[in-house]
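Count residues from 1 along the sequence.
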Amino acid sequence: MSRELIKTALVSVLSAMIGAVATITVGYVTFHTQNRQIDVRMIELALDIIAGKYDREPEQEQEKESAIPARRFAIRVLSHYSRVPIEKKRSGRMGQGARWHSEGFISA
């Protein structure tokens, strides 16, 4: 084989390898960016549920009681998608952490 042919083959193989690495890198970054965007949306949804944005009449005590299972679920979703563990001891301020964790809201 001539030197020119070897040089051309080497450049072709190297170019193909660089292209493959670039394609894999772009795919990896795109996947993780979109995956994290889904996590952020789930966090927003959990915070909306905890804040009571989906309650029909948040003033009534009966509505608060019926929202407890949804808010407990929202706390688990928040902990999972934010990747921050939420513990009963640290879930609230001024001694209300256990109530916030079990009921999903604290008194005003």
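One hydrophobic cluster, built from ILVMFWY side chains closer than 4.5 Å, cannot hold both L47 and V40; they sit in different ones.
The line from CG of L45 to CD1 of I50 is 10.0 Å long, rounded to the nearest 0.5 Å. Once rounded to the nearest 0.5 Å, the distance linking CD1 of I43 with CZ of R83 reads 8.5 Å. A distance of 7.0 Å separates CZ of F73 from CD1 of I49, quoted to the nearest 0.5 Å. Here the CG-CG distance, from L10 to L5, works out to 11.0 Å after rounding to the nearest 0.5 Å.
Applying the side-chain contact (heavy atoms from CB on, under 4.5 Å) rule to T33 yields the partners V29, Q37; only residues at least two apart in sequence or on another chain are considered. Shown here are the salt bridge (charged side-chain N to carboxylate O under 4.0 Å, His left out) partners of R36, two or more places apart in sequence or in another chain: D39. With sequence neighbours left out, F31 forms a ring-ring contact (aromatic ring centres under 6.0 Å, His included) with no residue at all.
Scanning both residues, A74 and A46, for their nearest heavy atoms gives O-CB, 3.4 Å.
Ionic pairing of E4 and K7 is not present here: no N-O contact between side-chain nitrogen and carboxylate oxygen is shorter than 4.0 angstrom.
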